[in-house]
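One structure is given below, encoded as C-alpha cells.
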Amino acid sequence: MPRRGTLPTVLTGVFITMLDFFIVNVAIPTTQRDLHAGAAAIEWVVAGYGLAYGSGLVLGGRLGDLFGRRRMFAVGLALFTLASVACGLAPDVGTLIAARVAQGAAAALLSPQVLAVLRTAYHGAAQVRALSAYAMTMGLAAVFGQIIGGVLIQADLFGLGWRACFLINLPIGVAALVMTGRVVPESRSADAVRLDVGGAALVTLGLVATLLPLIEGREQGWPLWTWLSFAVAAALLIAYGRRRHESPLIDLTLFRERAFTAGLLTQLAFTMGMAAYFLVFALYVQEGRGLDALQAGLIFTPIGAGYLAASLLAPRLTTRLGRQTIALGGLTRATGLTALLVAVAWDAPIGWLVPILVVDGVGMGLALAPIMGTVLARVAPRHAGAAAGILTTAQQVGSAIGVGVVGIVFYGDPSAGVAGAFRHGLVYLIVVTLAVAALVQAVPRTPTPARTPAPAAA
C-alpha cells in the first residue's frame, strides 16, 4: 500500500532523470568554452545520455521484476546522484561524456521502477491520478529544464557556473534516497523472468554503431569506418532478430500488430524532432542572438505555456478526434516551425518569436500527450505492457538519434553562420514533424476489443 510520500518520492526520480536530458541545452555554450570541446563532443554530451537511457530501459525493468522495484529504484537513484556529481566535477569533456553515459544508464535502472510502483501500489481512480501526475511531471521537466538551467547558470552558485546544473542533483537525490526506504513499497514480479543479457548487448551495440558515425562522421569527412559502422549496426540488429530467448528483451511478435508498428514509427519521428529542436534553438538564441543563459532559458517559457495548455486539452480532444489529435499536433507544430523559419530568415526581433513559440508548444502538447494511450488502446491487451516499455525506450533512442542527425544538418555548412545553420535545422524539424502527422494515419482508427480482461499493467 502506498504511503503519503510515495508519489512525490518516485516522481522526484522521474523529474531529475528527464530534467537532465534537457537542462544541458542552455549550458552548452559555456560548457563548450570552459572545456574547449568541439561540436561532436557536445552532441555526445546530449545524445550519450539518451542512448544509454533508452537502450537500458527494458533491461532495467526486468531487474526490478527480479530483485524488487524499490531496491532497484534506490540503486538507480544512488548511481544517478553519483554520476551527476561526476558530471559536475568533470575536468575535461571526455570525463563529462563518460559521466553522462553513466547518468543515462542509472536513469534506465531507476525510471521503469516508477511506473511499476504506480501500477502495483495504486488502484482504480488513485492509479489514474498517479499516472496523470507521472505524465505531467515528465512534460514539466522536459519543457522547463532549459529555464531551470538558465537560472542556475545565471545565479552562478558558489562560482560553479554550468556545473550547478548537475550538482543540484546531489541534495535532491540524497533527500529522495532517504525517503525511498521509508515510503516506497517493495514489489516483485510473480512470474519467472530470465534476463536476456545477450540480447541487451546486441541491441545496445547496434544503437551505438548507428549513433557513432552520425555524430563523428561529418567532422571527420565521412571516412570508410563510418559506413562500416552502419553495416555493423545492421548486422547486430539482424542478429538480435534471429536470436531466440525464452524471455526476449523485445518481443518481435509485437511488430505483427499494425497499431504497434505505426505507433512506434510515430513516436520515433516525434522524439527525433523534440530533443534536436531544444538543442539547436538554445544554440541559436545564445550564439546567434547573444542571449545569456537565463534569457535563453526564459525564452522557452512560451513553449512551456503552450505545452501545458494543450496537454490539459488533449484528453478531451482525443475522445472526439482519436488518433487525429496527434496529427493535429504535428500539423500545428509544423506551422509554428515554418513561422519560426520565416522569422529567423527576416531576423525578426526576439519578442516576435513569443507567439510562434506558443504555437509550437501547443503542437508539442497535442502530439505528445496522446501518443502512448492512443497506441496502447489499439494493441492487443496481452501485449500492452511490453508495448509500453518499447514505446518508452523509443522516446529516448529517438531523441539521441535526432540529436545526431540534426548535428549533421546544423554544422554541415560552416559558412552559413548560426542563423543559417538554425534555418537548415528547422527544415529538418519541419520534415520529421510532418512525418508524425502522416505516420499516425497508419494507426487503426478504433481501439482493439479486449477479448480478455486487460491486466493492471496495461
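- Put simply, the side chain of Arg333 never gets that close to the backbone of Met364: no donor and acceptor are under 3.5 Å apart.
- Between the side chains of Ser111 and Tyr53, at least one donor N or O sits under 3.5 Å from an acceptor N or O.
- The salt bridge (Lys or Arg N to Asp or Glu O under 4.0 Å) analysis of residues 160-184, with sequence neighbours excluded, yields the pairs Asp34-Arg163.
- Separating the CD1 atom in Ile23 from the CE atom in Met18 is a distance of 13.5 Å, to the nearest 0.5 Å.
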Check your understanding: Given Ile153 and Leu294, is the side-chain contact (heavy atoms from CB on, under 4.5 Å) satisfied, shown in steps?
Key -> CA-CA 7 Å; Ile153 295 169; Leu294 178 58; over 6 Å; no

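- Within the 3.5 Å criterion, the main-chain N or O of Phe22 finds no donor-acceptor partner in the side chain of Tyr49.
- Under the 3.5 Å distance criterion, the side-chain polar atoms of Gln113 are matched with a main-chain donor or acceptor of Gly60.
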**Study point:** Phe300 vs Asn25, side-chain contact (heavy atoms from CB on, under 4.5 Å): CA-CA, chis, key distance, verdict
**Key:** CA-CA 11 Å; Phe300 282 88; Asn25 289 331; 5.6 Å; no

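- Under the 3.5 Å distance criterion, the side-chain polar atoms of Ser229 are matched with a main-chain donor or acceptor of Ala209.
- Side chain of Thr261 to main chain of Arg258: no donor-acceptor pair is present (N/O by atom type, distance under 3.5 Å, no hydrogens or angles).
- Using modelled atom types, one side-chain atom of Arg70 and one backbone atom of Val184 make a donor-acceptor pair closer than 3.5 Å.
- Counted by atom type alone, Gln103 and Ser84 present one or more donor-acceptor pairs between their side chains at under 3.5 Å.
- The CD1 atom of Ile148 sits 5.0 Å away from atom CG of Leu19, with the distance rounded to the nearest 0.5 Å.
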Practice item. Using the side-chain contact (heavy atoms from CB on, under 4.5 Å) rule, take Met274 and Phe21 through it: C-alpha gap first, then chi angles, then the decisive distance, then the call. Key: CA-CA 11 Å; Met274 182 106 166; Phe21 194 106; over 6 Å; no

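- No option in Asp360, Leu434, Val431 other than Asp360 meets the side chain to side chain contact (heavy atoms under 4.5 Å, CB included) test with Leu337.
- Thr204 contributes a side-chain N or O that, together with a main-chain N or O of Ala200, makes up a donor-acceptor pair within less than 3.5 Å.
- The ring-ring contact (aromatic ring centres under 6.0 Å, His included) check on Phe255 picks up Phe260, with sequence neighbours excluded.
- A distance-only check finds a donor-acceptor pair linking the side chain of Glu186 to the backbone of Arg69 [under 3.5 Å].
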Exercise for review: Using the side-chain contact (heavy atoms from CB on, under 4.5 Å) rule, take Val75 and Phe67 through it: C-alpha gap first, then chi angles, then the decisive distance, then the call.
Suggested key: CA-CA 11 Å; Val75 171; Phe67 301 111; over 6 Å; no

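- A donor-acceptor contact shorter than 3.5 Å is absent between the side chain of Thr433 and the backbone of Gly330.
- Closest heavy-atom contact between Leu177 and Leu77: N-CD2, 3.5 Å.
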Review point. Where do Tyr428 and Phe410 land on the ring-ring contact (aromatic ring centres under 6.0 Å, His included) test, with the steps shown first?
Key: CA-CA 9 Å; Tyr428 157 77; Phe410 188 84; over 10 Å; no

Side-chain donor-acceptor pairs under 3.5 Å in residues 302-313, sequence neighbours left out?
{"from": "Ser311", "atom 1": "OG", "to": "Tyr307", "atom 2": "O", "distance (Å)": "2.8"}

